[in-house]
Amino acid sequence: MTKDKQFRVTRKVGRMGNSLGVSLPKALAEKLNVSQGDEVEFVEHEYGEVVLKKVRQGQLPEHVRSEVLAAFFDVFEEDTGIFEDLRDR
């Protein structure tokens with residue numbers, strides 16, 4: 001989606017057990033291809049923007065340990081600024 005075509009909607013925050021939650025508008029749920037039971041991820045960028053993404057479930061090859069992959073993603077998230085700088089060159 002381009003910057004000039006933004007999807008905006010407001011929702012009230014409600015109580016869900018001991019947590020707080022918001023509902024997803026039907027159009028956004030369809031766009032993200034999420035349904036009840038799917039996992040979503042909230043990623044907060046250093047400048048305050050929060051991105052909502054569907055968690056992609058996949059099978060790891062037998063020789064890849066999940067903790068190694070998790071460590072890779074941790075490093076990737078920490079160094080996002082470096083990757084963005086390289087991309088912009």
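What's counted below: heavy atoms across the whole structure, side chains too, no hydrogens, waters or symmetry copies.
Heavy atoms of other residues, nucleotides or ligands lying less than 6.0 angstrom from CD of E46 number 12 at most.
Side chains of V40 and K53 form no contact here, defined as non-hydrogen atoms less than 4.5 Å apart. In this structure, the side chains of P25 and R11 come closer than 4.5 Å at one or more pairs of heavy atoms.
When atom types are taken as modelled, the side chain of K54 and the backbone of N33 share a donor-acceptor pair closer than 3.5 angstrom.
No chain of hydrophobic side-chain contacts below 4.5 Å, direct or via other Ile, Leu, Val, Met, Phe, Trp or Tyr residues, connects L24 to V55. No single ILVMFWY cluster, assembled from side-chain heavy atoms under 4.5 Å apart, contains both V13 and V50. Hydrophobic clustering, with ILVMFWY side chains joined whenever heavy atoms are under 4.5 angstrom apart, groups V22 together with L20. In the hydrophobic cluster analysis, where Ile, Leu, Val, Met, Phe, Trp and Tyr join through side-chain heavy atoms closer than 4.5 angstrom, L52 is grouped together with V34.
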Requested in this report: Given side-chain contact (heavy atoms from CB on, under 4.5 Å), test H45 with V51 step by step and report yes or no.
Outcome: CA-CA 8 Å; H45 293 285; V51 176; 3.4 Å; yes

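Here the OG-CD distance, from S35 to E30, works out to 11.0 Å after rounding to the nearest 0.5 Å. Atoms CD and CZ, from E41 and R56 in turn, are 11.0 Å apart once rounded to the nearest 0.5 Å.
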